[in-house]
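Note that the numbering runs from 1 along the sequence shown for the chain. Computed from a predicted model, the values in this text were never measured in an experiment.
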Amino acid sequence: QVQLVESGGGSVQAGGSLRLSCAPSGYTYNYPCMGWFRQAPGKEREGVAGIYTSGGDTYYADSVKGRFIISQDNAKNTLNLQMNSLKPEDTAMYFCAAIRGWRSTCHPIPRDYHYWGQGTQVTVSS
């Protein structure tokens, strides 16, 4: 059974930074695409960032471009999300997810992803 375990969430003031990590069962390169998503109360789940694990191509939602960086640490076998210049509207539960099977691109579109973690809460206060 595929497991994805997120860590690193917490509370921070606006303008601050947080770093999320996701540890998958198996190696990150077993999943062609991995990504980060978020869901705020009363809102639909939305894509934040995706990464093509073999080529390193990255994809970002417009709302986080220039502030968030998705990366993979092959030595630690983790997927990471560095979040800078955080805003109150970034407050949400953040989920790590992965795709099975081949894909040519890894846009963070929730319906395309098959495996999901349990999430980690990020709260940004003004």
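- Of all the heavy atoms in Tyr60 and Ile70, the pair that sits closest is OH-N, 2.9 Å.
- The CG atom of Asp57 sits 9.5 Å away from the SG atom of Cys33 when rounded to the nearest 0.5 Å.
- Scanning all heavy atoms of the two residues, the minimum distance from Pro24 to Tyr31 falls at CB-CE1, 3.9 Å.
- Using a 4.5 Å cut-off on side-chain heavy atoms (C-beta onward), Ile51 and Tyr59 make no contact.
- Leu86 and Met93 are not part of a single hydrophobic cluster, where members link through side-chain heavy atoms under 4.5 Å apart.
- Of all heavy-atom pairs spanning Ser126 and Pro88, the tightest one is CB-CG, 3.9 Å.
- The SG atom of Cys22 sits 9.0 Å away from atom CG of Asn80, with the distance rounded to the nearest 0.5 Å.
- Counting only heavy atoms from C-beta outward, the side chains of Val122 and Leu18 approach each other to under 4.5 Å.
- Screening Glu46, Glu6, Glu44 for a salt bridge (charged side-chain N to carboxylate O under 4.0 Å, His left out) involving Arg38 leaves a single residue, Glu46.
- Closest approach of Thr91 to Ala40, counting heavy atoms only: O-CB, 3.8 Å.
- One distance of note links NE2 of His107 with CG of Asp112; it measures 9.5 Å at 0.5 Å rounding.
- When atom types are taken as modelled, the side chain of His114 and the backbone of Arg100 share a donor-acceptor pair closer than 3.5 angstrom.
- Here the side chains of Lys87 and Arg67 are in contact, with some heavy-atom distance below 4.5 Å.
- Asp73 and Thr78 form no side-chain donor-acceptor contact under 3.5 Å, judged by distance and modelled atom types alone.
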Item checked: Audit row: Asn84, Phe68, side-chain contact (heavy atoms from CB on, under 4.5 Å) steps and yes/no -> CA-CA 6 Å; Asn84 301 319; Phe68 291 11; 5.9 Å; no
Margin query: Test ring-ring contact (aromatic ring centres under 6.0 Å, His included) on Tyr113 and Phe37; report intermediate values, then the result.
Written below: CA-CA 10 Å; Tyr113 284 68; Phe37 300 79; 4.9 Å; yes
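- The environment of CD in Gln82 is crowded: more than 12 heavy-atom neighbours from other residues, nucleotides or ligands sit within 6.0 Å.
- Side-chain contact between Cys96 and Met34 is present, with heavy atoms from C-beta onward closer than 4.5 Å.
- In this structure, Val2 and Ser25 have side chains that are in contact, with non-hydrogen atoms separated by less than 4.5 Å.
- Using the six-membered ring where Trp is involved, Trp116 and Phe95 have ring planes that are perpendicular, over 60° apart on the 30 and 60° scheme.
- Atom CG of Asp90 and atom OG of Ser63 lie 7.0 Å apart (nearest 0.5 Å).
- For Leu4 against Tyr115, the heavy-atom pair with the smallest separation is CD1-O, 3.4 Å.
- The minimum heavy-atom distance linking Ser17 with Ser85 is given by the pair OG-N, 4.3 Å.
- For the residue pair Asn74 / Gln72, a side-chain donor-acceptor distance below 3.5 Å is found, with atom types taken as modelled.
- Hydrophobic cluster membership is shared by Ile69 and Trp36, with clusters built from Ile, Leu, Val, Met, Phe, Trp and Tyr side chains linked at under 4.5 angstrom.
- Taking a cutoff of 4.0 Å between a charged side-chain nitrogen and a carboxylate oxygen, Asp62 and Lys65 qualify as a salt bridge.
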